[in-house]
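One structure is given below, encoded as structure tokens.
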Amino acid sequence: MRRFTTIKDSAYELRLFQQRLYISAVVVLILIGLLVYRYADLQIMQFQSFVTQSEKNRVHVQPIAPKRGLIFDRNGILLAENQPSYSLVLIKERVEDLQETLVDLQQLFDLDAKDIEKFQLRLRRRTPYQAVPLKFLLTEDEISRFAVNRYRLPGVEIKAQLVRHYPQGSAFTHALGYVGRINLEDQQRLESTINDRARYAATDHIGKVGLERFYEPQLHGEVGSQHVETNAHGRILRVLQKQDPEPGIDLTLYLDATLQKQIATLMEGRRGSVVVLDPRTGGILAMVSVPSYDANPFVTGISTKAYNGLRESIDLPLFNRSLQGQYPPGSTIKPIMALAGLHYRVISPNSSVADPGWYQLPNDDRLYRDWKRGGHADYVNLHESLAQSCDIYYYDLAYKLGVDRIHEFSKQFGLGSKTGIDSTSERSGLLPSREWKRSQRREQWYPGETLSIGIGQGYMLTTPLQLALATATIANRGIRPVPQLVQPTAELQSKIEIARDTVGPEIIHSSEESQADNTDGLSNHADHSVQFNGEPVAENNWRDVVNGMEAVVHSRTGTARAIGIGAQYKMAGKTGTAQVIGIAQNEEYDAEAIAERKRDHALFVGFAPIDNPSVAIAIVVENGGSGSSTAAPIGRKIFDWVLAGQQQEPLEVAVKP
Amino acid sequence: MQVQLDFVRSLPGDPTALSVQPSRWQRWHVDIPLLLLLLVIAAYGLLVLFSASGNDSDRVMRQLIYLAISLVGMLFVAQFRIKTIKALAPLGYAGGILLLVLVILMGVGANGAQRWLDVMGIVRFQPSELMKIVVPLTLARYLSDAVLPPSLGQIIVGAMIVMVPCVLIVLQPDLGTSILIAASGFLVLWLAGIQWRYLIGGSLLAVASAIPAWRLLLHDYQKQRILTLFNPESDRLGAGWNIIQSKTAIGSGGIDGKGWMNGTQSHLDFLPESHTDFIIAVLAEEFGLVGVLLLLSLYLLVIIRGSQISLRAKDSFSRFVAGSITLTFFIYVVVNMGMVAGMLPVVGVPLPLVSFGGTSLVTMFAGFGILMRIATSSDPS
């Protein structure tokens, strides 16, 4: 279009402009077409996916933690409750600068490096948009301090939640156990079942030990949920839909809080355990292990220093002696030995044994000494052997029975296996046998070892709970209940199948079972009756042994005669003094000279009233010296408290399912 | 010519009759169809703005005041003769360049960008807005005096007229405004009949210089915006957030929308800049595709009317100016709607007459004032 004139050609220029404008118009239409296509594509073709996306932006499903079931004692006294608690939480996705925010918070709150470190650890395990706690148990002052500064701390919030609290203090810790924050191990356990992961979506705490852990499925409850509308900053604007959580089941224990406290006070300053149970139901009336500790700091997270203090204490306060302490039963085993002797007819109530103060096996030079120098009398019969706790009589009896029969018979009383109590960490003790020694020690059984078992020494180990249960079995004249902390209510039973750690052999003799059914509330569990070869222990054998146990308390010669004075009821008992260290041949035991922690354990078992027993106890006082002087008086006090209490108000016995 | 006559015939009333008997409106140089269109769009915009501001009537009131000021400004501008405007253009250009240099030397602003001049602490003035008007005017004057199509020398001079302020504005940095000014300038060159070989050559040159421009001129955040366009999912919570959220808002609106005041994306703050640059997403969410098409139709009518005015203009200067103003307006629409829908990178371009903000509104209406003067002008230049 080269032109040779410089004169402006208006018509040509107008045409040129028009041409360019029309091309522009076409481009405009194409671009509008593209825009329309793009918007139609987003709004029609991709409509569904964007609607979903915008709903996902807007609506969040939040789990709501259920209220944990409460725990009451038999009289309705609250033992474990839920208290409102405020924690400082961070949602990392909404925090602009985490480092800066933490520095800011450190100025506002009393946070040390340890807190931050623990927070960082929790932060690594979080799921996206999860509120990660930084500080627990905020005070009113801290909450208001945060409120003032909230505007400049995006992503930081105060979360209110219910936290477990144990109002009754350390006396109940070992009986109840405690809950703690869900840790990595708990999380893995929960994640192994998809159902539990959902159930715990809003839950921060889980039963760690004891009752709290055993009944975790019942106490926890069912998670609820709410659909909430949130804005881009995560603030909840309104609740669109809500499904309330289902609270956990409240538990009522057989435990008597007053009794538990009285016993704890009585045991103060000692180390040991007391287990009190109702032989008719197996219900645990008291279960004390001293020393103990306050469980409340464990719920919110105990400081490392405090925890190490507990863990490293020589007195082992974290150790639940009632279920985990394995002690030689000492002479408290003698009633069972006597019953075995009568049952297998190796002794009779009238047969007696010479007691020079020592015993010797045939073809063995070793002298087995009685605890009393010079012996108890020239000849000792069954009655006196129990009353005075004559060792010689039981060396002879053990020798006559042999280890196999001792093992088989004692097993029936729950020794050597877990009792199946509704708690955790129970230990099974040790009821030795030839087979056990062969497999565990790779040695044969020596006859001398049988003699040691006869007086509850040697390899034999029992937990205080096992001793109480064995005593209850004697009190029941052969019916062994399953020890139970929680009263089985219909709600509890319908809800769950309790998975017990291990349950002893449940061979129930038909006649005994019907008898049990007639006894009020006895058979809420499959109780066990003592028998051998299908033959129950004869009634008169029970009577003879119980008479012997009565003589321990109520005769002039009884080892615990001091506690029988002034009693309004008859009780049966047996003292025990268990050696902690082996005493060499010919060596004299001198309590004064031996360091406190090497002193004998003092034991006492017993039940009352004799004719219609409603309480059975086992007491172990570590390094307490003698059972008669240390343990037995504690037993008397407990009997008094329980029986006096029962006179005022009859025992509520659980309804049979 | 035939096509043009068809356009003219479709106008309400006979244009020749209008010019013969000037009405009262025409005496005040008001183009009624254009004014009505602008008012309808502005009203539509206020409706959306009310929702986008979360019932903040205060903000809507402010926008109303801006609109009133802009309308007055438009009428004021329309009272100048085309001759006067043409005469003042180079002066305005020179002054604008001076002010842009001042901005770089002593400007104020936010987010690391200096865009305003603070006049004694009373008025904040943004010289780049002035350039939006002055650059096409100056170029139109330069080319309308030349013999067309422009020679290579004239093209180079014209390109310089456009590029000098653009570079100064990019340095502020304000890529969006710079692009729009460049577009308005080159539209004049285009309408003046730049020859195809120069057009293609110039385009190739522009593409070739894009690489050093990327390296040297663009800031990191601008590069990020362009990169994000191609893969918004790569940075869901960062630069990609805006695009994902605006696409979600648009898409979830569907055909008929969620209803006025019912947009969740904007009301729950998921949509960034929901009352300014991203307001089309609010409209699309609440009024759906129907609402989008309605707005596009209104914009199209403005462009048609602007095109008519430019075709009927009496001289080259008026033609170029009217055409450039009209097509620049359209570029605003395309760039804004394209960027919010994720088709173009996010550059700070408001949606004309709808986005909240006074500065761009005043400039835009000043442009329409010139357009109206051209439409109603009976004086030959």
Side-chain angles (χ1 to χ4, degrees), chain A residues 1-25 27-59 93-94 128 229-235 237-238, chain B residues 1 3-4 144-149 187 190-195 237 244-245 247-255 257-258 263-265 267-272 284-285 288-289 292-293 296 299-300 303-304 307 310-311 313 315-316 319-320 323 326-327 330-331 333-334 337-338 341-343:
Chain A
M1 270 201 196
R2 186 140 182 90
R3 290 169 332 112
F4 299 96
T5 168
T6 53
I7 297 161
K8 280 176 75 73
D9 180 347
S10 292
Y12 170 74
E13 285 181 9
L14 179 62
R15 259 204 324 282
L16 195 58
F17 176 79
Q18 284 167 350
Q19 178 207 31
R20 288 293 160 97
L21 198 66
Y22 296 148
I23 294 172
S24 304
V27 173
V28 164
L29 288 176
I30 290 170
L31 289 176
I32 286 187
L34 279 173
L35 278 181
V36 169
Y37 172 77
R38 175 64 172 183
Y39 277 75
D41 179 53
L42 292 175
Q43 298 190 293
I44 298 171
M45 306 305 288
Q46 298 186 54
F47 172 64
Q48 270 315 326
S49 91
F50 281 119
V51 162
T52 312
Q53 179 63 41
S54 92
E55 280 300 291
K56 236 164 54 190
N57 270 346
R58 181 176 81 96
V59 179
E93 282 76 7
R94 300 196 171 116
E229 188 177 81
T230 52
N231 67 12
H233 317 298
R235 290 255 178 282
L237 302 180
R238 60 195 166 119
Chain B
M1 242 9 222
V3 183
Q4 190 214 348
S144 63
D145 290 343
V147 172
L148 298 177
L187 276 170
W190 158 254
L191 292 171
I194 182 174
Q195 282 162 293
L237 293 175
I244 291 170
Q245 296 304 334
K247 277 165 68 180
T248 304
I250 296 167
S252 64
I255 293 173
K258 295 175 183 173
T264 55
Q265 285 289 104
H267 285 271
L268 300 177
D269 288 349
F270 287 98
L271 196 62
E285 187 185 20
L289 186 59
V292 172
L293 291 180
L296 271 177
Y299 282 143
L300 190 59
I303 292 153
I304 289 170
S307 303
S310 67
L311 284 170
D315 58 283
S316 308
R319 275 199 290 272
F320 298 158
T326 305
L327 292 175
F330 176 69
I331 285 171
V333 173
V334 170
M337 287 182 68
M343 302 163 81

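Using a 4.5 Å cut-off on side-chain heavy atoms (C-beta onward), Phe270(B) and Thr264(B) make no contact. Contact of the Thr248(B) side chain with the Glu285(B) side chain is not registered, since no non-hydrogen atoms from C-beta on lie closer than 4.5 Å.
Evaluation of the side-chain contact (heavy atoms from CB on, under 4.5 Å) rule for Leu31(A) yields Val27(A), Leu34(A), Phe330(B), Val334(B) as partners, not counting sequence neighbours.
In this structure, the portions of Leu289(B) lying under 4.5 Å from any heavy atom of chain A include both its backbone and its side chain. Residue contact with chain A, scored on non-hydrogen atoms closer than 4.5 Å, involves the backbone and the side chain of Ile194(B) alike. Looking at Ala192(B), only its backbone comes within 4.5 Å of chain A, counting heavy atoms on both sides. With a threshold of 4.5 angstrom between heavy atoms, Ser310(B) approaches chain A through its backbone and through its side chain. Using a 4.5 Å cut-off between heavy atoms, Tyr299(B) does not touch chain A at all. With a threshold of 4.5 angstrom between heavy atoms, Ile44(A) approaches chain B through side-chain atoms but not through N, CA, C or O. Interface remark: Ala146(B) contributes backbone atoms only to the contact with chain A (heavy atom separation under 4.5 Å). In this structure, chain B has a heavy atom under 4.5 Å from the side chain of Glu229(A), while its backbone stays farther away.
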| said: Let's go through Glu13(A) and Ser316(B) carefully: what are the C-alpha distance in whole Å and the side-chain angles of both, what is the deciding distance for side-chain hydrogen bond (donor to acceptor under 3.5 Å, both in side chains) to 0.1 Å, and is it a yes or a no? | reply: CA-CA 8 Å; Glu13(A) 285 181 9; Ser316(B) 308; 3.3 Å; yes
| request: Give the intermediate values and the outcome of side chain to side chain contact (heavy atoms under 4.5 Å, CB included) for residues Arg319(B) and Leu21(A). | output: CA-CA 10 Å; Arg319(B) 275 199 290 272; Leu21(A) 198 66; over 6 Å; no
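Note that the CG atom of Leu191(B) and the CD atom of Gln18(A) stand 12.0 Å from one another [nearest 0.5 Å].
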